[in-house]
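I have placed the structure first, in the form of structure tokens, so that the comments after it can refer back to it.
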Amino acid sequence: MSDFRSGSDVELFEPYDPQAIEPKWQQYWRDQGTYEVDNDDPRPRYYVLCMYPYPSGAAHMGHVRNYTFGDLLTRYRTMSGDAVLSPMGFDSFGLPAENAAIKTGRHPRAFTDERIEQLRSSITRIGGVYDWRREVKSHDPSYMRWTQWIFLQFFENGLAYRKAAPVNWDPIDQTVLANEQVLADGTAERSGAVVEKRDLEQWYFRITDYAQQLLDDLDQVDWPERVVTQQRNWIGRSEGAEFRMGVVTAEGQPVLSAEGSTPLEFSVFTTRPDTAFGMTFCVLAPEHPLVSQIVSEPLRDKVEAFVTLARSTSEIDRLSTDRPLADRGCFTGAFATNPFTGDAVPIYLADYVLATYGTGAVMAVPGEDQRDWDFAGIFDLPIVHTVQRPEGWQGEAFSGDGPHINSPSSELLPPAGDLDLNGLNTVDAKNAAMDWLEASGCGERKVNFRLRDWLLSRQRFWGCPIPIVYCDACGIVPVPLDQLPVLAPDDVEFTPTGQSPLLSHEGFLHTTCPQCGAPARRETDTMDTFVDSSWYYLRFTDPWSEDVPFRQDQLAQWMPVDQYIGGAEHAVLHLMYARFFTKALSDLQVLPADLREPFQRLFTQGMIRLDGAKMSKSKGNLVAPEEIIDTLGADALRLSHLAVKPPEEDVDWEDVGLEGCHRFLMRLWRLAVPGSDLTADLRTGEAQSVDAAIERATHVLIDGISADFDRWSYNVAVAKFMAFLNELYRYVQAPEQAHGPTLQASVDTLLKLLAPACPHMTAELWAARHVEQGDQVLPDAEPAHVHTTAWPVANPELLLQESVTLVVQINGKVRDRIEVAPDADEAACLAAALESDKVRQQLQGAEPHRVIARPPKLVNLLV
RNA sequence: GCCCGGGUGGCGGAAUGGCAGACGCGGCGGAUUCAAAAUCCGCUGUCCUUACGGGCGUGUGGGUUCAAGUCCCACCCCGGGCACCA
């Protein structure tokens, strides 16, 4: 603790001791229930939510940053008169606890509960205030019950289903993953393992039913453009046409199905139906179900070898573009009829055609698609141009717009006799081609999405069990609602193999069928933890309900979340899933019909970089928040996070200016604490013009801070606090002395404005100034606790300065600055400008031929 | 390749089209001290000038405007996301 009194002086005032005051106020807010809010609160409602954390033990700097923003908003809105719902909970299922159990043999629940305890205490030490009565935990049976209930609602309504498909398998975490959890390079987002493809039967949520709504409703939320764009990309809507092509032999004879009755055909999806006259071959995915039926006998061995190879190639290799194209495709010996031309075109297989997108088959138009062009070059296939190249075109395939040609070509007498795209541009040709497809019955307009259904099963123990029973007689049977929650047993052993102990737990595995009573088998998979986090924000509105997951009237009161705060890394994971849950539950009439989006405003804060090149080893251990709280205190830590950068930007830890913030707090303490040397000798009596200037500056500050808080310009707000305190220091140290009432009112206002950012120190100083000196009760009878005072409102009359600086420019260059009255008009400003010595010197007697005046701030003279 | 951000002092950054560099860090100087730390006060874009002053300056090149860090066009660089999606 530094000491700003000279050694021999007696102690005048209490030193700033964050270690003493911070725990005291944290206890006070908890005891008083200052930030508990009831559902019948008459004040206007505001729901602020930080993404609930995975309990990883003590808080790290990312938590500090996140919760500082959220907590500031909670306290600011509360002082502004709102009933603020600010809940906190824990996303407490997940692999770290299970991996720890595999290592130590300890049950994941014990591990998790311990970590929750640590994190809760850590969050409290940061100064975060929450309505802890509403705390929810994913692994709490009273929460799991409703997670399972929602699953069953989805199951009953066809939104949860089981299917066999090639899925992403993570060999390290030993579980399947959703597409969203696999990175573009084919590695797992969590474990970093190279993901394998396996054919498994798994549970899915039908999120694709909502693809269009998930896309459309992005217009209704107030979210960062970046996140909206990422969601749009992920949903990946594309418009085009789907049409059927009949399979024929090399001789042009239709190929019949195995039963011999129906001719084989398949569908292709294309976004460029206008170029269909240029199709010279088509390509199926190796996994396409028709492959084995259409392959010509001489090529069967070769094709089967190719399919086997493609299926066993890892995703990472299959997506790699540097493998030679010749190895990636294979001719089937079969042909298909292009309905536009009547021509038979060869059918190829290629591993880059994805079985899971569109129809798993594409038409290939090398003239207008570069990948098809490359493929045609390798396999020596013809190329037809269907769009006129622009003058001087040097490239290969041309995907731009232009008049269509060869559509049909002049020598061809097409089956599409009445279809002529020649001369049309792309848009018109597309429409004409699609009209023709629909009229002729060959195909139709079609919209495809990149978004796939959400694979939710996980082969893990520490997650919410899927409440399903398999019965030989009845099939897939949901566990009856009155038997929820299905809980995993406690007497489990975690083996080093990593396999879920549920698979080998006889007591859990064997049950009876709820429908027929026969012996049956339980589902051993648990749910993706993103299921838990897809609805927790709903439960916060009414976490006490025993008979329902939440109540419609409470939801209507609080939802949607007014301000959601979290990391941008959840742009397409959690945020997409939660939006889907809200829409689906609303359609199932579990949520209010008009609740279609869960999070009205989203703020994504930047990340803290600790390990960048800039971070030296010796500083590496400076980043534990608790160590900083132990020394400088939580208020300095919070303030430094606010000050360092705009909140949405990433932060290098070394840029966080703790010293400056700590110095500021020490200076404030010294000025505001009762008995300060700085305020020992204050002037009384009438206020003078210097005092009026301080009063005006105070109101300018009120105005500025309120605006900065509203627009999340926290770094600018901190700068204003510091500048204002500097001004007060100059004021109290000036020879003519500061005016007592003016100074104290300004300091009080400063304490209020700073209270959301630095809650402990402001509470302590406020109490010291207004409570502990019992004989000095505030004139306007303010509450004794700064956080329950009303947010100050600036007096508009005091926002006008006594004089303003008039900038005088000559030919756009600043030549002088003159103080003028704030209400000076154009004539007065011009007169003042022309009187200036500097201006006269510059003008040298010349007359300005034009004057631009923006009274009272600027005059520009043109000569 | 496509889509988002972003390039301002030694550093982090500020600036409804109207004084570029607020505020902080760092640096320099002064006060205080036996001394140091802490504290308090001041200076701190750059070049020319003893000074008074003045020139130049927000990634590059153009443009609009009385006036551009801010708006428009073209380009360069950095960060992030997406990417064989037919």
Side-chain angles (χ1 to χ4, degrees), chain A residues 1-7 183-184 224-230 232-234 236-238 240 268-272 282-283 285 318-321 323 325 328 350-354 356-365 369-372 374-375 448-452 568-569 571-572 607 614 639-640 643-646 648-652 654-661 663-664 666-667 670 678 707 713 715-726 729-730 733 805-817 838 841 848-854 857-862:
Chain A
M1 182 61 35
S2 55
D3 181 359
F4 28 70
R5 295 149 302 195
S6 52
L183 303 178
E225 192 53 42
R226 212 161 45 97
V227 176
V228 170
T229 306
Q230 281 190 57
R232 287 212 175 95
N233 287 344
W234 190 261
R237 182 183 200 272
S238 56
V268 295
F269 172 72
T270 179
T271 56
R272 291 296 304 273
C282 58
V283 190
R318 214 166 139 170
L319 289 177
S320 149
T321 38
R323 284 169 52 232
L325 211 48
R328 308 188 62 188
D351 65 358
Y352 63 73
V353 174
L354 307 176
T356 49
Y357 183 77
T359 60
V362 298
M363 69 172 201
V365 184
D369 183 282
Q370 187 60 40
R371 192 192 45 218
D372 294 344
D374 295 339
F375 196 89
N448 258 317
F449 294 93
R450 208 187 78 115
L451 182 72
R452 310 291 156 78
E569 67 274 16
V572 289
M607 293 183 309
K614 285 172 143 184
L639 193 65
S640 65
V644 60
K645 266 193 175 190
E648 66 276 12
E649 287 181 29
D650 288 351
V651 171
D652 284 311
E654 72 162 26
D655 292 331
V656 175
L658 272 169
E659 291 84 359
C661 292
R663 254 199 286 272
F664 165 80
M666 298 286 280
R667 278 160 67 83
R670 182 180 167 196
L678 289 172
S713 294
N715 55 332
V716 181
V718 174
K720 283 176 185 158
F721 283 131
M722 290 178 168
F724 184 71
L725 186 64
N726 291 343
Y729 259 68
R730 283 190 290 272
Q733 293 182 329
T805 305
L806 173 72
V807 172
V808 184
Q809 297 180 334
I810 295 172
N811 293 331
K813 286 187 185 281
V814 178
R815 295 301 175 185
D816 201 7
R817 300 181 175 96
K838 287 177 185 167
Q841 201 178 346
H849 70 264
R850 192 173 161 197
V851 176
I852 291 111
R854 292 288 177 274
K857 302 187 88 166
L858 179 127
V859 171
N860 190 4
L861 308 174
L862 304 184

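Chain naming here is simple, since letters A, B, ... match the order of the sequence lines and numbering starts at 1 in each.
By the 30° and 60° cut-offs, the orientation of the rings of A:Tyr352 relative to A:Phe375 is perpendicular.
Look at B:rG61: its glycosidic torsion is beyond 90° from 0, and that puts it in the anti range.
Taking CZ of A:Phe664 as the start and CG of A:Leu725 as the end, the distance is 5.0 Å to the nearest 0.5 Å. Interatomic distance, CG of A:Asn811 versus CG of A:Asn860, reported as 7.0 Å (0.5 Å rounding). Remark: A:Tyr729 OH to A:Phe724 CZ distance equals 13.0 Å, nearest 0.5 Å. Interatomic distance, A:Cys661 SG to A:Met722 CE, rounded to the nearest 0.5 Å: 4.5 Å.
Across the protein-nucleic acid pair, A:Leu354 atom CG and B:rC85 atom C1' stand 6 Å apart, rounded to whole Å. Between the CG atom of A:Leu861 and the P atom of B:rC66 there is a distance of 15 Å, rounded to whole Å. In this entry the distance linking CG of A:Asn715 with P of B:rA14 reads 5 Å, nearest Å. In this entry the distance linking CD of A:Glu654 with P of B:rG12 reads 9 Å, nearest Å. If you measure from atom CZ of A:Arg663 to atom C1' of B:rC25, you get 8 Å, rounded to the nearest angstrom. Computed from coordinates, the A:Gln809 CD to B:rC66 P distance equals 13 Å when rounded to whole Å. Atom CZ of A:Arg854 and atom C1' of B:rC19 are 16 Å apart (whole Å). Rounded to an integer number of Å, the gap from A:Met722 CE to B:rG13 P is 16 Å.
The side chain of A:Gln230 lies closest to B:rG81 when the candidates are B:rA86, B:rG81, B:rG18. Taking every side-chain heavy atom of A:Val716 into account, B:rA15 is the closest of B:rA15, B:rA86, B:rG18. You'll find that the side chain of A:Ala723 is closest to B:rC23, out of B:rC85, B:rG12, B:rC23. Relative to the side chain of A:Val644, the nucleotides B:rA86, B:rG42, B:rG12 differ in distance, and B:rG12 lies closest.
The partner of B:rU60 is B:rA74, judged by Watson-Crick or G-U wobble contacts that both fall below 3.5 Å. Nucleotide B:rC43: paired with B:rG27 (Watson-Crick or G-U wobble, both distances less than 3.5 Å). The partner of B:rG18, taking Watson-Crick or G-U wobble pairs whose two distances both stay under 3.5 Å, is B:rC66. The partner of B:rA35, taking Watson-Crick or G-U wobble pairs whose two distances both stay under 3.5 Å, does not exist in any strand shown. Base-pair partner of B:rC85: not found among the strands shown (Watson-Crick or G-U wobble, both distances under 3.5 Å).
For B:rG63 and B:rA68, the C1' atoms lie 11 Å apart once the distance is rounded to whole Å. Annotation: B:rG9 and B:rC25 have their C1' atoms spaced 13 Å apart (nearest Å). Here the separation of B:rA31 from B:rA37, taken at their P atoms, is 14 Å to the nearest Å. For B:rG62 and B:rC23, the P atoms lie 35 Å apart once the distance is rounded to whole Å. B:rC52 sits 31 Å from B:rA67 when the P atoms are compared, rounded to a whole Å. Here, B:rA22 and B:rU8 have their C1' atoms 13 Å apart, quoted to the whole Å. Comparing the same atom, C1', in B:rG24 and in B:rU44 gives a spacing of 14 Å after rounding to whole Å. Rounded to a whole angstrom, the distance from the P atom of B:rC71 to that of B:rG17 is 8 Å.
Pairing each heavy atom of A:Gly360 with each of A:Val353, the nearest pair is O-CG1, 3.6 Å. What you find for A:Leu858 and A:Leu806 is that their closest heavy atoms are N-CD1, 3.5 Å. A:Thr805 and A:Arg817 make their closest contact through CG2-CB, 3.8 Å (heavy atoms, listed as atom of the first residue, atom of the second, distance).
When only modelled atom types and interatomic distance are considered, A:Asn233 and A:Arg450 share no side-chain donor-acceptor pair under 3.5 Å.
Scanning for salt bridge (Lys or Arg N to Asp or Glu O under 4.0 Å) contacts around A:Lys720 gives A:Asp708, with sequence neighbours left out.
Between A:Pro646 and A:Phe449, the residue anchored closer to the 5' end of RNA chain B is A:Pro646, taking for each the nucleotide with the nearest heavy atom. If you find the closest nucleotide of RNA chain B to A:Ser713 and to A:Lys720, the one lying nearer the 5' end belongs to A:Ser713.
Proximity of A:Tyr357 to the phosphate of B:rA86: a side-chain N or O atom is located under 4.0 Å from OP1 or OP2. An OP1 or OP2 oxygen of B:rC41 is reached within less than 4.0 angstrom by a side-chain nitrogen or oxygen of A:Arg667. When the side-chain nitrogen and oxygen atoms of A:Lys645 are compared with OP1 and OP2 of B:rG13, one or more of them lie within a distance under 4.0 Å.
Using a 4.0 Å heavy-atom distance criterion, A:Tyr729 is classed as a sugar-phosphate-only contact. Within the nucleic acid shown, A:Ala643 has no heavy atom closer than 4.0 Å to any nucleic acid atom. Counting any heavy atom pair closer than 4.0 Å across all strands shown, A:Leu862 reaches sugar-phosphate atoms only and no base atom. Using a 4.0 Å heavy-atom distance criterion, A:Asn726 is classed as a sugar-phosphate-only contact.
Within 3.5 Å, a donor on the side chain of A:Arg817 pairs with an acceptor on the base of B:rC19, or the reverse.
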Output a table of nitrogen or oxygen pairs between the protein and nucleotides 44-55 of chain B separated by less than 3.5 Å.
residue, atom, partner, partner atom, Å
B:rG55, OP1, A:Arg815, NH2, 3.3

Please tabulate the protein-to-nucleotide N/O contacts below 3.5 Å involving nucleotides 1-6 of chain B, giving atom names and distances.
none

Verdict with reasoning, A:Thr356 to A:Arg452, per side chain to side chain contact (heavy atoms under 4.5 Å, CB included): CA-CA 8 Å; A:Thr356 49; A:Arg452 310 291 156 78; 2.9 Å; yes
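For the pair A:Asp372 (side chain) and A:Val365 (backbone), a donor-acceptor distance under 3.5 Å is present. Without hydrogens or angle criteria, A:Asn715 side chain to A:Val644 main chain gives no donor-acceptor distance under 3.5 Å.
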